[in-house]
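Below is one structure; the comments refer to it alone.
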Amino acid sequence: MSGGEFALIERYFSTLTAARDDVLLGVGDDCALLRPPSGQALAVSIDTLVEGRHFSPGIDPAALGHKALAVGLSDLAAMGAEPAWCTLALTLPRVEHAWLAGFAEGLAALAGRYRVGLVGGDTTKGPRSVSIQVHGFVPPAQALRRAGARPGDLVYVTGTLGAAGLALLVRQGLFVAPEHLPELFGRLDRPEPRVAAGLAVRGLVSAAIDVSDGLAADLGHVCAASGVGATLYLDQLPCGPGVRAYIDETGDWHLPLGAGDDYELCLCVPPDRQGEFEAIAAGWRHRATWVGTVEQAPGVRVLGPDGAGVVVDAGGFDHFADEA
């Protein structure tokens, strides 16, 4: 293929602009021209995935296209924002047409499900990395925030925890029974952003965050922003069969508490809204599970089934921790 960068964009990404009335000018010009709806706040988030750090060199490119967008959509879900647009910055060591076709296919499939229009971006040559910025809309008064949790609120999480972390251990050499592998690798490579759940609880929950760094760490961010603390209960943590088997064998609870990459939602629910919340959550394909309680005393505490405290490293992943 001739034409270099611009031909690459035209071939693989020009068709990803969704047919949206709010996109006045999309891919192909110096800037996109966009029309946010009246009365809505614009929610914006950006994530970068780097080869060797966030994904292995041999990952299915379609799965990477899916995940690169999914992690941003998870941020929008945690704000109760409806997805609208995205931009893509793609750095590649060389042009590989089969890889690009797969990546674009995975990105387009997830974007199509949420009517996300690709409205611009950049391509450069260098070590492989993917940056996607997402944009969504939310009524300002209904935006979900980390600040807002109050003592007595009930802590819920959607879905299950720890599967992505266990999948990563398998890729590093850990043996896990083969029947668990499809679920584990599906959760690691193709996480499902809980967009519908975030939209459904606007105006109902007091605080929210997506679980990307581990439940204990991310709940800690909520507590810090809200000026409160919380207690989590190990026997309440929702785990799939693979993670449950791992815990039964090892006694290691790090996966559901701190492994990260789950992209579930952690939601704080006022006790007088519990019935309303659970009625809404009952209609979700994934469950929502009560896992703890917000308290006045700062910090995140974890109690085992016997009521004894459990020591947890709740720091979460930090790219520059070794330079501190």
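Quick caveat, the model's predicted, so the values are computed rather than measured.
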Please examine the side chains of [Y] and [X], heavy atoms only from C-beta on, and report whether any two atoms are closer than 4.5 Å.
| X | Y | result |
| --- | --- | --- |
| Asp218 | Ser212 | yes |
| Leu64 | Leu49 | yes |
| Leu76 | Val195 | no |
| Val176 | Leu181 | yes |
| Leu219 | Val155 | yes |

Is it the case that [X] and [Y] place a side-chain donor and acceptor less than 3.5 Å from each other?
| X | Y | answer |
| --- | --- | --- |
| Asp261 | Tyr263 | yes |
| Tyr156 | Glu264 | no |
| Thr91 | Thr124 | yes |
| Ser226 | Arg145 | no |

More than 12 heavy atoms of other residues, nucleotides or ligands under 6.0 Å from CD of Glu105: yes or no?
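Incorrect, the count does not exceed 12.
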Is any NZ, NE, NH1 or NH2 atom of the basic residue among [X] and [Y] found under 4.0 Å from an Asp or Glu carboxylate oxygen of the other?
| X | Y | value |
| --- | --- | --- |
| Glu82 | Arg202 | no |
| Arg171 | Asp189 | yes |
| Arg94 | Glu96 | yes |

Hey, does the Lys NZ or Arg CZ of Arg194 hover above the aromatic six-ring of Trp284, less than 6.0 Å from the centre and inside 45° of the axis?
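Judged by the rule (NZ or CZ under 6.0 Å from the ring centre, within 45° of its axis), Arg194 is not positioned above Trp284.
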